[in-house]
Protein chains: 2
Amino acid sequence: MLDVIGQESNASFGEIEFSLPPATGPIGGTLNVQLGSGGKSFREQKVVAVTRKDQVYSILRQAIISSQLAPGEAIRKELVALQLGVSRTPVSDAINRLADEGLVEIYPQTGTFVARLRLDKIETAQFVRIALETAAIRRAAERSSAEIVQRLRDNLDRQRKAADSRDFEGFYALDEELHDMICDAAGLAGLREIAAKERSQIDRVRRLLLHYETRMVETLKEHQTIVDAIAGSSVERAAAAMEEHISKMGKMLLQLQSKRPELFAE
Amino acid sequence: MLDVIGQESNASFGEIEFSLPPATGPIGGTLNVQLGSGGKSFREQKVVAVTRKDQVYSILRQAIISSQLAPGEAIRKELVALQLGVSRTPVSDAINRLADEGLVEIYPQTGTFVARLRLDKIETAQFVRIALETAAIRRAAERSSAEIVQRLRDNLDRQRKAADSRDFEGFYALDEELHDMICDAAGLAGLREIAAKERSQIDRVRRLLLHYETRMVETLKEHQTIVDAIAGSSVERAAAAMEEHISKMGKMLLQLQSKRPELFAE
DNA sequence: AGTTAATATGTAACATGTTAGATGTTATTG
DNA sequence: CAATAACATCTAACATGTTACATATTAACT
């Protein structure tokens, strides 16, 4: 299930202030998504509370991944807190998590900055991504069902539409969704979340590359190859296609570095 | 109950704070690892500050992994803060990180508990570990140098000594070190930290199994096979040995569950 | 002038007070 | 007696005040 939290609050820094509902607003306080309304207690069912820090985290993460907050840019906790109408605490908590994720860098007593891109870190993330997702797709190909394949093909259809209408953002979202679905298809609890987390660095780069790349059609073809392999339960072919697909990013990254060196560290 | 922590010298804190420059006083007299500082500014060098929350995190993590804090046990933040002589803030921060890592579970407005073991989560962690470490060892085997192999063999020698003297804890530490070294040998920035983090769940299980298992000698043999494969640059053999090695844990886990069901969730 | 010491500033780290919500207990009601 | 409502309790979440420290700036000194 997708957590659908703070998406509607369109966060834009610097100019427009984003609105998290006022202190005790509808989303203020912890609203918990009520799943099957059994008589079970909060603790027994696995309802994850959507706290303010979670919302702040989502908003900031989104802002960073989408480069609304540029690499190297300072993040003033107090200002963010003010803009979001919350105290410094949930902002700090959110930023701590982002720091663990490698999206921001905290220099004690000095400042917090959106992490610059580092080729070596990206290389590692790429490596991890390939390791995890080729392993995941192997399992997925082994246990693929007609229903899953159908959902994958539905996704591809939507990708095709997005590509036709040059809808970069939509395509990107569908791309993510596809990879998530493949992780899920591996049938391992929590794997998608782990993979998504390790992909953070790469997501950021891909979003930056998005507008340079005329690669949507090509990417779509690769996705089709991948899905076909899963549909045919061709384990090795699926893994190879996935590795090939993920590896594509490398060269474009170097282009990006020469075009926009300020985004990179070192 | 947290005995390690409240060992000594909570007194040194409250009063002398002002007079002593290293205000980052030791917590419970443990782990104040100060890295030497060069001429560079804090921000330029990537010295990670050892803050109180870092220390609390290390202490709690250690306590959890070693089962000093048992699965299911409640963690009272305020009490922990009191025992460690710090405020609730760094304790909360540390616990948040542990929650991200899956070692504790926070139920809002209710309580914080050491996460119980979940077979499905452990299975996923196992999967991730195999994916990452077999990929890492492939790279390591490709780029192995005489020096690295030497260090690996040194580690094995120490493992042998630990096994001979039935030093479980020492053996365990060396085991971790070996896996860390292999990750490092892959030559990817930050890979070791990522792998270590994903290993948390498994580390906990392994520590629990440690005293049941008479497997030290067998494990040592597996390690030797792995190192030999790296030394011989036998990429596939190394990967296979690693997978075989990591997979061993599965059956023992089921034994543990039947012996100590209270450690498990569901 | 160049180097070092003093000081000012801003921020994260830390401490502590306050609020809201989850749960268990007791009272109340049918 | 069972169901439920009122209440007490406890805890994480949140808010805000305070401290320490990294860094920039200025002053003092050789």
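All figures in this text were calculated on a predicted structure; none of them were measured in a lab. Residue numbers start from 1 in every chain, and the chains themselves are labelled A, B, ... in the order their sequence lines are given, proteins ahead of strands.
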Length of the line joining [X]:[atom1] and [N]:[atom2], which is rounded to integer Å:
X	N	atom1	atom2	result
Arg88(B)	dT11(D)	CZ	P	12 Å
Asn96(B)	dT11(D)	CG	P	17 Å
Tyr57(A)	dC14(D)	OH	C1'	20 Å
Asp93(A)	dA12(D)	CG	P	13 Å
Glu105(A)	dA13(C)	CD	P	13 Å

**OP:** Quick one: list whatever passes salt bridge (charged side-chain N to carboxylate O under 4.0 Å, His left out) with Arg97(A), sequence neighbours left out.
**Re:** Asp54(A), Asp100(B)
Original post:
What heavy-atom pair brings Ala131(A) and Ala135(B) nearest, and what distance separates the two atoms?
Top reply: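 Heavy-atom minimum between the residues: CB-CB, 3.8 Å.
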How many angstroms lie between [atom1] in [X] and [atom2] in [Y], if you round to the nearest 0.5 Å?
X	Y	atom1	atom2	value
Thr124(B)	Arg129(B)	OG1	CZ	15.0 Å
Leu209(A)	Ile202(A)	CG	CD1	11.0 Å
Arg206(B)	Ile246(B)	CZ	CD1	10.0 Å

Using a cut-off of under 3.5 Å, enumerate the N/O to N/O pairs linking the protein to nucleotides 7-12 of chain C.
from, atom 1, to, atom 2, distance (Å)
dG10(C), N2, Gln109(A), O, 3.0
dT11(C), OP1, Arg76(A), NH1, 3.0
dT11(C), O2, Gln109(A), O, 3.4
dA12(C), OP1, Thr112(A), N, 3.4
dA12(C), OP1, Thr112(A), OG1, 2.8
dA12(C), O4', Gln109(A), N, 3.1
dA12(C), N3, Gln109(A), NE2, 3.0

**OP:** Compute the angle between the rotation axes at the two ends of the helix from dA1(C)-dT30(D) to dG30(C)-dC1(D), each taken over five pairs, rounded to 10 degrees.
**Re:** 0°
**OP:** Examine dC14(C): is either OP1 or OP2 under 4.0 Å from a nitrogen or oxygen in the side chain of Ser87(B)? Give yes or no.
**Re:** no
Original post:
Taking only N and O in the side chain of Arg52(B), is any of them less than 4.0 Å away from OP1 or OP2 of dA15(C)?
Top reply: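 Answer yes for this pair, as a side-chain N or O of Arg52(B) is under 4.0 Å from OP1 or OP2.
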**OP:** For the pair Tyr57(B) and Glu101(B), evaluate side-chain contact (heavy atoms from CB on, under 4.5 Å) and give the outcome as yes or no after the intermediate values.
**Re:** CA-CA 11 Å; Tyr57(B) 167 79; Glu101(B) 212 168 324; 2.5 Å; yes
**OP:** Using only heavy-atom distances, decide whether a donor-acceptor pair under 3.5 angstrom links the side-chain of Thr89(B) to the base of dA13(C).
**Re:**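 No such pair is found, so the answer is no.
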Subject >> Residues Arg88(A) and Asp93(A) bridged, charged N to O under 4.0 Å >> reply: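 No, this pair does not count.
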Subject >> Of Asp180(A), Ile194(A), Ile65(A), the residue whose pairing with Arg199(A) passes side chain to side chain contact (heavy atoms under 4.5 Å, CB included) >> reply: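 That would be Asp180(A).
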**OP:** Before giving the answer on salt bridge (charged side-chain N to carboxylate O under 4.0 Å, His left out), spell out for Glu169(B) and Arg207(B) the whole-Å C-alpha distance, their side-chain angles and the decisive distance to 0.1 Å.
**Re:** CA-CA 9 Å; Glu169(B) 296 294 328; Arg207(B) 279 289 276 267; 3.0 Å; yes
